[in-house]
Amino acid sequence: MYGEKKQNGLKEVLVLTQQLISALQEERYEEIDDLMIKRQQTMDAITQLDTGIDSYLFEQERKRLLPLLENIWECDRKFMDLAQMRKQEASSAIQKMQMSRKLNLSYQQAYSNQDGYYIDQTIGSRKR
């Protein structure tokens with residue numbers, strides 16, 4: 001009973017982690033928070049299962065569930081790498097917008113004085 005519950009919980013964690021990866025790849029950011037909460041709740045339930053279990057049974061189940069745990073670890077690492085990449089992309093986009101904003105503001109300030117005429121003396125100043 002303990003082994004089945006733990007295995008089912010771990011399978012659910014794996015599925016949720018895979019859903020997190022696909023949500024991040026498809027840029028469905030509104031779903032990520034809900035999936036993270038569900039995943040954390042499932043992991044908390046698994047941790048509750050482990051309390052009060054004798055060490056022999058725990059070791060037997062750990063050996064049996066190790067391949068599933070490794071799959072979860074790989075998916076989690078893939079999710080974290082993808083999240084880091086998205087974070088860097090967002091940071092780069094924000095920096096570009098800030099530079100563009102600074103450039104735009106500098107042009108607006110240069111031509112904001114509309115009190116008089118502006119004469120561009122560079123036109124026609126070449127000697128022929």
Side-chain angles (χ1 to χ4, degrees):
M1 182 154 140
Y2 162 77
E4 289 177 26
K5 283 185 178 181
K6 187 161 183 169
Q7 184 176 13
N8 290 338
L10 290 173
K11 284 181 180 178
E12 187 176 343
V13 169
L14 180 61
V15 168
L16 289 169
T17 305
Q18 290 168 340
Q19 289 175 351
L20 278 167
I21 292 169
S22 68
L24 194 56
Q25 287 173 335
E26 296 169 9
E27 298 180 0
R28 293 177 289 147
Y29 300 115
E30 64 280 350
E31 293 178 29
I32 292 174
D33 193 40
D34 292 335
L35 290 170
M36 291 289 282
I37 290 170
K38 287 178 187 176
R39 183 173 166 235
Q40 186 60 48
Q41 289 172 343
T42 305
M43 291 189 313
D44 291 342
I46 292 169
T47 302
Q48 285 292 327
L49 283 175
D50 290 341
T51 58
I53 292 296
D54 66 24
S55 60
Y56 177 75
L57 181 58
F58 182 81
E59 276 301 311
Q60 293 295 69
E61 289 301 317
R62 187 180 70 83
K63 289 176 185 175
R64 187 175 71 82
L65 297 174
L66 194 59
L68 184 57
L69 290 167
E70 288 173 348
N71 284 343
I72 292 170
W73 184 80
E74 284 293 322
C75 285
D76 192 53
R77 191 176 55 135
K78 184 187 283 187
F79 172 73
M80 295 304 286
D81 290 344
L82 185 60
Q84 184 66 29
M85 186 180 74
R86 293 285 191 223
K87 179 183 168 189
Q88 289 173 347
E89 289 172 357
S91 177
S92 176
I94 289 171
Q95 286 178 347
K96 286 179 184 177
M97 286 189 298
Q98 287 175 339
M99 291 296 291
S100 177
R101 183 175 178 266
K102 284 181 185 178
L103 186 63
N104 189 23
L105 285 175
S106 69
Y107 277 112
Q108 285 178 0
Q109 290 172 355
Y111 297 106
S112 65
N113 187 2
Q114 299 295 328
D115 293 339
Y117 292 103
Y118 175 75
I119 300 172
D120 188 358
Q121 295 180 358
T122 60
I123 298 176
S125 62
R126 288 186 273 156
K127 293 184 178 180
R128 293 182 195 196

> Taking atom types as modelled, is there a side-chain donor on Asn8 or Glu12 under 3.5 Å from an acceptor on the other?
Replying inline: no

>> Quick check: is Trp73 connected to Leu68 through a chain of hydrophobic side chains (ILVMFWY, heavy atoms under 4.5 Å apart)?
In response: no

>> Could you measure the distance from the CZ atom of Arg28 to the CG atom of Leu20? Nearest 0.5 Å is fine.
In response: 10.0 Å

>> Assess the residue pair Arg39 and Gln19 against the criterion (side chain to side chain contact (heavy atoms under 4.5 Å, CB included)); give the C-alpha distance rounded to whole Å, side-chain angles, the decisive distance to 0.1 Å, and a yes or no.
In response: CA-CA 10 Å; Arg39 183 173 166 235; Gln19 289 175 351; over 6 Å; no

> For Met80, does the CE atom have more than 12 heavy-atom neighbours from other residues, nucleotides or ligands under 6.0 Å away?
Replying inline: no

> Can you name the nearest heavy-atom pair linking Ile21 to Leu82, along with the distance?
Replying inline: O-CD2, 3.8 Å

>> Just checking Glu89: does its CD atom have more than 12 heavy atoms from other residues, nucleotides or ligands closer to it than 6.0 angstrom?
In response: yes

> Looking only at heavy atoms, what is the nearest atom pair of Leu49 and Ile53, with distance?
Replying inline: O-CG1, 3.2 Å

> With the 4.5 Å side-chain cut-off for hydrophobic clustering, are Met85 and Phe79 part of the same group?
Replying inline: yes

> Are Met36 and Met43 connected, step by step, through hydrophobic side chains (Ile, Leu, Val, Met, Phe, Trp, Tyr) whose heavy atoms are closer than 4.5 Å?
Replying inline: no

> Nearest 0.5 Å, what's the NZ-CG distance between Lys11 and Leu65?
Replying inline: 9.5 Å

>> Please give me the minimum heavy-atom distance between Thr42 and Gly9, naming the atom from each residue.
In response: CG2-O, 3.5 Å

>> Could you walk me through whether Gln18 and Ile72 satisfy the side chain to side chain contact (heavy atoms under 4.5 Å, CB included) test, starting with their C-alpha distance in whole Å, then the side-chain angles of each, then the deciding distance to 0.1 Å, before giving a yes or no?
In response: CA-CA 9 Å; Gln18 290 168 340; Ile72 292 170; over 6 Å; no

> What are the two closest heavy atoms between Cys75 and Leu14, and how far apart are they?
Replying inline: SG-CD1, 3.8 Å

> Yes or no on side chain to side chain contact (heavy atoms under 4.5 Å, CB included) for Lys6 and Phe58, after CA distance, side-chain angles and deciding distance?
Replying inline: CA-CA 10 Å; Lys6 187 161 183 169; Phe58 182 81; 3.7 Å; yes

> In Å and rounded to the nearest 0.5 Å, what is the CG to CG distance from Leu66 to Leu10?
Replying inline: 11.0 Å

>> Are more than 12 heavy atoms, taken from residues, nucleotides or ligands other than Tyr29, located less than 6.0 Å from that residue's OH atom?
In response: yes

> Can you check side-chain hydrogen bond (donor to acceptor under 3.5 Å, both in side chains) on Gln48 and Asp44, steps first, answer last?
Replying inline: CA-CA 6 Å; Gln48 285 292 327; Asp44 291 342; over 6 Å; no

> Going by atom types alone, do Arg64 and Gln7 pair a side-chain donor with an acceptor below 3.5 Å?
Replying inline: yes

> How long is the span from the CG atom in Asp50 to the CD atom in Glu61, to the nearest 0.5 Å?
Replying inline: 10.0 Å

> Looking at CD1 of Ile32 and CZ of Arg86, how far apart are the two atoms once the value is rounded to the nearest 0.5 Å?
Replying inline: 9.0 Å

>> Return the OG1 to CD distance between Thr17 and Glu74, rounded to the nearest 0.5 Å.
In response: 12.0 Å

